[in-house]
There are 2 protein chains.
Amino acid sequence: MTNVLASQTVLLYDRLRAAILSLDLAPGERLTERGLEASFDASRTPVRAALGRLDAEGLVQRVGRGWIVSPIDLAEIGALAELREAVEGAAVRLAVQRATDAQIAAVAALLEAAGPGDLAGDAEQGVRAGGDFHEQLARLSGNPAMVDTVRGALTRLARTRWLEVRTPAARAQAWQEHRAVLDALDARDADTAAQLLTGHIRGTNDRLLTALAADTRRLRGHGLAILPDTPPTAPR
Amino acid sequence: MTNVLASQTVLLYDRLRAAILSLDLAPGERLTERGLEASFDASRTPVRAALGRLDAEGLVQRVGRGWIVSPIDLAEIGALAELREAVEGAAVRLAVQRATDAQIAAVAALLEAAGPGDLAGDAEQGVRAGGDFHEQLARLSGNPAMVDTVRGALTRLARTRWLEVRTPAARAQAWQEHRAVLDALDARDADTAAQLLTGHIRGTNDRLLTALAADTRRLRGHGLAILPDTPPTAPR
DNA sequence: GTGTCCGATTTGGTATACCACGGCGGTGTA
DNA sequence: TACACCGCCGTGGTATACCAAATCGGACAC
């Protein structure tokens, strides 16, 4: 109970979140408060607080009286991609109007620092770099609500996005497309920037779904719960 | 400890939420866990759980170690309106593609049931009817992520939206604009539907901001905390 | 009169005991 | 053998005691 710098709750939340995102806790896995209490060496109070936050983020869910790690849901992935297209597309249009050249340059510098993608790092790093880029880009809109929405969607997608950037070629493509969006933004070309960005999101999602479909059997073999794709045609 | 039908936590959450949305708990008001425990006759555990959920919804915030009811923030209102334009505009375009005639008719029936707006009810009822309409409309997209985003934005806006529908004329205008969107949707005219909807959202927001600016002094007199509008870099 | 220091009080953070409910298994009976 | 009942055990839900930190007040010294 030393409470060194941050509260137990925050630390526990971070650790649980990391365990879920790294798939150490498998999608669909049942969680018990007392089990987590033992695994993470904390009492139930912070465990419950962390679960509550993760529930709000969509990373865990209630099932009956209990908890599970949110399964990977192909329908949800598609829905989140559509949401991202709408929000990020609008955000980049706002950025064309509002972002200063210096702000755009800062994001470009960030992108350059990450390298052309095929040089640096692994898939996990690619996911983080991509997520950072999209969040920074959204931030240029000056609209915090949009940033939050984008970040939330990226979080819920984080467990699967690495599938799409496994190969250096895929990371290089993503990097190029990010670069093209920034160029259009820098040229204050809203239509091109928005179209490039939404096309990038859509293409990424398509490749992700393809990879997921191909890997579903293998992933299930690893204990991952993958929900079938019930296409978004029917409301409710 | 009777636990009649729903858990203490859920009931407490509902009551706290209602108190905030009805302005019984004023924006900016400081909340203490032990004070709420006493006011709502529950123990701190469900109080903390409810505060956590409300925090995730943006209805309360942490300030230092404590809690406050989220102040009314003009910048946030504008940002949420922009977010709604992006998401609802995209949603209605998806609805044009995906919603069945029967589903559209169901929403239209709901709208008709609410009446032309100037007949039925007060401002509070107008807010609820409007919120329901926008949520149902988003649901026609078949995209739950968009529905959640819209609902979240409407929730965070709920405390101020009544200002915009105080007069029967304003409610009638909103009803007409809703009706026009549905007509365009029914005609499968995506561009018109989206333009009408985003225009409606923008117009509503403009009138809301006008009303808020006019009433700020009076509202502050009632103890409401209104944050100044630090515009997101450039007006529309 | 003013500034500083110290302590009491109040706060959120945490640990834990207790409760009711529900599922599972064993046992007894038909 | 099959089925029904009953009780144990594990679950999340709740209440509460205790802790550390922050704040506020007063008293004292200058």
Side-chain angles (χ1 to χ4, degrees), chain A residues 1-20 24-71 223 225, chain B residues 1-20 24-71 223 225:
Chain A
M1 234 315 297
T2 43
N3 195 348
V4 187
L5 253 168
S7 71
Q8 284 274 358
T9 298
V10 173
L11 288 178
L12 178 58
Y13 162 79
D14 286 341
R15 288 202 294 158
L16 244 177
R17 188 172 187 275
I20 292 171
D24 284 343
L25 293 176
E29 183 172 347
R30 181 137 194 276
L31 301 176
T32 68
E33 297 180 359
R34 284 175 170 90
L36 295 172
E37 175 183 21
S39 303
F40 290 86
D41 190 37
S43 77
R44 278 181 68 207
T45 309
V47 165
R48 301 189 99 240
L51 284 173
R53 292 178 63 174
L54 292 167
D55 186 26
E57 279 186 287
L59 295 181
V60 304
Q61 298 175 7
R62 318 218 53 138
V63 47
R65 295 180 318 167
W67 300 91
I68 59 169
V69 179
S70 291
Chain B
M1 231 347 302
T2 42
N3 195 349
V4 187
L5 254 169
S7 70
Q8 284 273 359
T9 298
V10 173
L11 289 177
L12 178 59
Y13 162 78
D14 287 340
R15 289 202 292 157
L16 243 176
R17 189 172 187 277
I20 292 171
D24 284 345
L25 292 175
E29 183 172 345
R30 179 138 194 275
L31 301 176
T32 68
E33 297 180 0
R34 284 176 169 89
L36 295 172
E37 176 183 20
S39 303
F40 290 87
D41 191 37
S43 77
R44 279 180 69 206
T45 308
V47 166
R48 302 188 99 240
L51 285 174
R53 292 179 60 173
L54 292 167
D55 185 27
E57 280 186 288
L59 294 181
V60 304
Q61 299 175 6
R62 317 218 53 137
V63 47
R65 295 183 318 166
W67 301 91
I68 59 169
V69 179
S70 289

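Below, each value reflects all heavy atoms present in this structure, side chains not excepted, and no hydrogens, waters or symmetry copies. Here is how names work: the chains are called A, B, and so on, in the same order as the sequence lines, proteins then strands, and each is numbered from 1. Because the structure is predicted, anything quoted here is derived from the model rather than measured.
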With no hydrogens and no angle check, do the side chains of W67(B) and Q61(B) hold a donor and an acceptor under 3.5 Å apart? no
Any side-chain N or O of S43(A) under 4.0 Å from OP1/OP2 of dA15(C)? yes
Heavy-atom nearest pair, L51(A) first then V60(A), reads O-CG2, 3.6 Å
Between I68(A) (CD1) and dG12(D) (P), how many Å, whole number? 13 Å
Is the side chain of R30(B) donor-acceptor paired with the backbone N or O of G66(B) at a distance under 3.5 Å, no angle test? no
So does P46(B) get a backbone contact from the side chain of T9(B), meaning a donor-acceptor N/O pair under 3.5 Å? no
Figure out the CZ/P separation between F40(B) and dA15(D), and round it to whole Å. 15 Å
Salt bridge (Lys or Arg N to Asp or Glu O under 4.0 Å) between R44(B) and E37(B), intermediate numbers included: CA-CA 6 Å; R44(B) 279 180 69 206; E37(B) 176 183 20; 5.0 Å; no
Taking atom C1' of dG12(C) as reference, at what distance in whole Å does atom CG of L36(B) sit? 12 Å
When you measure from the side chain of R30(B), which nucleotide among dT11(C), dT11(D), dT14(C) comes out closest? dT11(C)
Quick one: the side chain of R34(A) and the base of dG10(D), do they pair up donor-acceptor inside 3.5 Å? no
Short of 4.0 Å, heavy atom to strand atom, which residues of residues 50-66 of chain B count as contacting DNA chain C? R62(B), R65(B), G66(B)
Do Y13(A) and L54(A) have side chains that approach each other closer than 4.5 Å (heavy atoms only, starting at C-beta)? yes
I want to verify a distance call: between dT11(D), dA17(D), dT16(C), whose nearest atom is closest to the R44(B) side chain? dA17(D)
Between P on dT14(D) and CD on E37(B), what's the gap in Å once rounded to a whole number? 13 Å
For a side-chain contact (heavy atoms from CB on, under 4.5 Å) with L31(B), tell me which candidate from V69(B), I68(B), V63(B) qualifies. V69(B)
Let me spell it out: for each of T45(A) and W67(A), pick the nucleotide of DNA chain D with the closest heavy atom. Which residue's pick is nearer the 5' end? W67(A)
T9(B) side-chain N/O to dT14(D) phosphate OP1/OP2 under 4.0 Å: yes
How many whole angstroms separate atom CG of L12(A) from atom C1' of dT14(C)? 12 Å
